[in-house]
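What follows is one structure encoded as structure tokens, with my remarks underneath.
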Amino acid sequence: MALKLNIKDTFNKELPADPILENNRRQVRNACFSYVSPKVPSKPSLVHVSQEMIEAIGLKESPDSMEFLEVFSGTTVLPNTNPYAMCYGGHQFGHWAGQLGDGRAINLAEVVHSNKRWVLQLKGAGETPYSRTADGLAVLRSSIREYLCSEAMFHLGVPTTRALSLILTGDKVLRDVMYDGNPAYEKGAIVCRVSPSFIRFGNFEILAAQEDKKTLKALVDYTIKHHYSHLGKPSKGTYLRFFKEVAVRSMEMVVHWQRVGFVHGVMNTDNMSILGLTIDYGPYGWLEDYDLGWTPNTTDRTNKRYRFGTQPQIVLWNLLQLANALFPLIEEAALLQDILKEYQEDVEVAYLAMMKSKLGLFEKDDNDKNLIADLETVLQLSETDMTIFFRLLAKVKKNDVSDGLNTIQDAFYQPDEIKEGIEDQWKSWFSKYGERLKKETRNDTERGELMNRVNPKYVLRNYMAQMVIDAADEGDYKHLSELFDLLKKPYDEQPEQEKWFAKRPEWARNKVGCSMLSCSS
């Protein structure tokens, strides 16, 4: 018995397909995708499923059924569907990388439920024409990180792709975790990712690079028709409005990243969603010590291109590459440049508003920008936990900020360092903060409640994910379920889970998977 889903495929019906059906590595031209079937795993087993996403896609059958396991492990293809891998290119670490594509992701189908469209995509389901030298598979380690983080980000209020299920394949996969010449076999796994679309900046870039204006126009028109239909029928004006809205959505996404301390780690243009969603959870990390220069990605360790503090500027750089790709349809660079300039202005305004909300500042004050800049300086004088600091700051009383330093004391990794010059700077900042709070009309309780709606108490710290991974490697999934449930309510106090409201333990400071990660998955 097949799963009952309301399948309404469009991407692989309305856009040009690669005419070659063999699954071998190749350069693909004049096409947006290649047909390919998932690899059948040897012994699949379900690890975890998101009941929210089960309901979102309108699935009535139990996820414990054999039909569910077979479809979302890639064992069986849904009736009347044609799975495919998407063709795209991209700039990686600032350099054009040419054709990339879905090297380990296979789109199963599009499902419509409650007037929402969802694309079901398996990550780790085998080779595609875009796999290059890789095997198209994924391991349990990286799959757990993607599965947990997709759902955690959603509940934080960050625009993101989602995750439906996590399945073990029963196969072993060889990976060199830190690229140091020491590969080892790990458990293979597959995540079913879910999103209204997986179209990326790179889908447009590859067609522009190939000077394939016809297919480029077809893809842009398709994207507008299905995801930006409110902009109107295709025209130069519509294309400009499309680019403007992509810029706005991308800006909103990255400002949310800065708000919760999320560092993507690999902001290549092929990892930028055309819908302004966080996509491709690889070597990401959560800011623990408030360090604007931190990146979790070992590949980025030298140049730190994708460090926390530069993420809004990298989005701008990536938008420039998208503008270049759309130029053949618009042919007026100045109009695109105006939108990029607007982004530069708008992101500063949005960042200021976001930081004011984190500090509980809701009235207008021309000096807030300086107050925030001073805070960012003092936060970096000693190792200070970002999440804990902002959560505790909500407890500061506007008429008693003299106790502010004691209130946020638990955020310091080295409390003994907070003395003399550092202590003086903190006291100076709290004094200015106190004067500023007196201009607020809300009382302490109201202000604290509003701050706690934007400053999460719980985030998916790398050491937490690693504890789940270590247990799962031994067949224990209790930690996975515990964190999955915890992160569905990141702004709630959850007193029974207070153990997770804690600084990174010392054992995790330099542990692989906790401090630095690679793209290996």
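The residues of the chain are indexed from 1 along the displayed sequence. Keep in mind the model is a prediction, meaning the values are calculated, not measured.
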Does Arg162 come within less than 4.0 Å of Glu151, counting only side-chain N to carboxylate O? yes

Main chain of Met267, side chain of Asn318: is a donor-acceptor contact present, judged purely on distance under 3.5 Å? yes

I'd like to know if the side chain of Asn455 and the backbone of Lys358 have a donor-acceptor N/O pair within less than 3.5 Å. yes

Does Glu205 reach the side chain of Met272, with side-chain heavy atoms less than 4.5 Å apart? no

Looking at Asp346 and Lys244, does any basic side-chain N land under 4.0 Å from a carboxylate oxygen? yes

ring-ring contact (aromatic ring centres under 6.0 Å, His included) with Phe11: of Tyr84, Phe198, Tyr35, only one passes, and it is Tyr84

Exercise: identify the closest heavy-atom pair between Phe262 and Cys149: CE1-SG, 4.0 Å

For Glu211, look at atom CD and say whether over 12 heavy atoms of other residues, nucleotides or ligands are found less than 6.0 Å away. no

Rounded to the nearest 0.5 Å, how far apart are NE2 of His155 and OG1 of Thr160? 10.5 Å

Between Arg25 (side chain) and Arg132 (backbone), is there a donor-acceptor pair under 3.5 Å? yes

Given 3.5 Å as the limit, does a donor-acceptor pair link the side chain of Asp300 with the main chain of Tyr306, or not? yes

Using the side chain to side chain contact (heavy atoms under 4.5 Å, CB included) rule, take Tyr458 and Thr387 through it: C-alpha gap first, then chi angles, then the decisive distance, then the call. CA-CA 8 Å; Tyr458 304 103; Thr387 300; over 6 Å; no

List the atom of Pro83, the atom of Ile106, and the distance in Å for their closest heavy-atom pair. CB-CG2, 3.8 Å

Using 30° and 60° as the class limits, which term best fits the ring planes of Tyr281 and Tyr284: parallel, tilted or perpendicular? perpendicular

Hey, are the side chains of Phe389 and Leu375 touching, using non-hydrogen atoms and a 4.5 Å cut-off? yes

Is the shortest side-chain heavy-atom distance between Phe93 and Asn268 below 4.5 Å? yes

Does the side chain of Thr10 pick up a donor-acceptor pair with the side chain of Glu110 at under 3.5 Å? yes

Just so I know, are the side chains of Ser273 and Thr161 near enough to count as touching, which here means a heavy-atom distance under 4.5 Å? no

Test item: Ser131 side-chain N/O and Thr128 main-chain N/O as donor-acceptor pair under 3.5 Å: yes

Run the side chain to side chain contact (heavy atoms under 4.5 Å, CB included) test on Leu219 and Ile199 for me, step by step, so that the C-alpha distance in whole Å, both residues' side-chain angles and the decisive distance to 0.1 Å come before the verdict. CA-CA 9 Å; Leu219 179 60; Ile199 300 174; 4.3 Å; yes

Taking atom CZ of Phe201 and atom CG of Leu322, what is their separation to the nearest 0.5 Å? 5.0 Å

Closer than 3.5 angstrom, by distance alone: can the side chain of Asp289 be matched with the main-chain N or O of Thr384 as a donor-acceptor pair? yes

Looking just at side-chain N and O atoms, do Trp500 and Glu482 make a donor-acceptor pair shorter than 3.5 Å? yes

With no hydrogens and no angle check, is any side-chain donor or acceptor of Gln99 less than 3.5 Å from a backbone partner on Arg26? yes

Taking the side chain as everything from C-beta on, heavy atoms only, tell me whether Cys192 gets closer than 4.5 Å to Leu122. yes

Considering only NZ, NE, NH1 and NH2 on the basic side and carboxylate oxygens on the acidic side, decide whether Glu506 and Arg509 come within less than 4.0 Å. yes

Using a strict 4.0 Å threshold on nitrogen-to-oxygen distance, state whether Glu498 and Lys457 make a salt bridge. yes

Using a 4.5 Å cut-off on heavy atoms from C-beta on, say whether the side chain of Glu245 contacts that of His227. no

Any salt bridge between Arg175 and Glu186, counting N to O under 4.0 Å? no

Is the side chain of Gln321 donor-acceptor paired with the backbone N or O of Gly90 at a distance under 3.5 Å, no angle test? no

Please list, chain by chain and in numerical order, all residues satisfying side-chain contact (heavy atoms from CB on, under 4.5 Å) with Val349, sequence neighbours excluded. none

Shortest non-hydrogen separation from Val49 to Leu164 and the atoms involved: CG2-O, 3.3 Å

Apply side chain to side chain contact (heavy atoms under 4.5 Å, CB included) to the pair Leu46 and Phe72, showing each step before the final yes or no. CA-CA 9 Å; Leu46 181 66; Phe72 295 108; over 6 Å; no

If the threshold is 4.0 Å, N to carboxylate O, is there a salt bridge linking Lys225 and Glu14? yes

Yes or no on side chain to side chain contact (heavy atoms under 4.5 Å, CB included) for Leu320 and Leu316, after CA distance, side-chain angles and deciding distance? CA-CA 6 Å; Leu320 172 59; Leu316 174 62; over 6 Å; no

Within this structure, what is the CG-CG distance for the pair Leu326 and Leu216, rounded to the nearest 0.5 Å? 6.5 Å

Rounded to the nearest 0.5 Å, what separates atom CG in Asn297 from atom CZ in Arg307? 14.0 Å

Between Tyr463 and Lys503, is any pair of side-chain heavy atoms under 4.5 Å apart? no

Check Thr215 against Pro16 and note the closest heavy-atom contact, atom names and distance. CG2-CG, 3.6 Å

Kindly give the heavy-atom pair with the smallest separation between Ser143 and Leu166, and that separation in Å. CB-CD1, 3.6 Å

Do you know the tightest heavy-atom contact between Pro129 and Ser34? CG-CB, 3.9 Å

Between the side chain of Trp286 and the main-chain N/O of Leu460, is any donor-acceptor distance below 3.5 Å? yes

Is it true that Lys304 and Asp291 have a side-chain N and a carboxylate O under 4.0 angstrom from each other? no

Between Thr169 and Pro44 (side chain of the first, backbone of the second, donor and acceptor by atom type, cut-off under 3.5 Å), is there such a pair? no

So, do Gln258 and Pro312 sit near enough that their side-chain heavy atoms are less than 4.5 Å apart? yes

Are a donor atom and an acceptor atom from the side chains of Tyr147 and His48 found within less than 3.5 Å of each other? yes

How many angstroms lie between CD in Glu288 and CZ in Arg461, if you round to the nearest 0.5 Å? 5.0 Å

Rounded to the nearest 0.5 Å, how far does CG of Asp280 lie from NE2 of His264? 6.0 Å

Between Lys39 and Asp171, does any side-chain N to carboxylate O distance fall below 4.0 Å? no

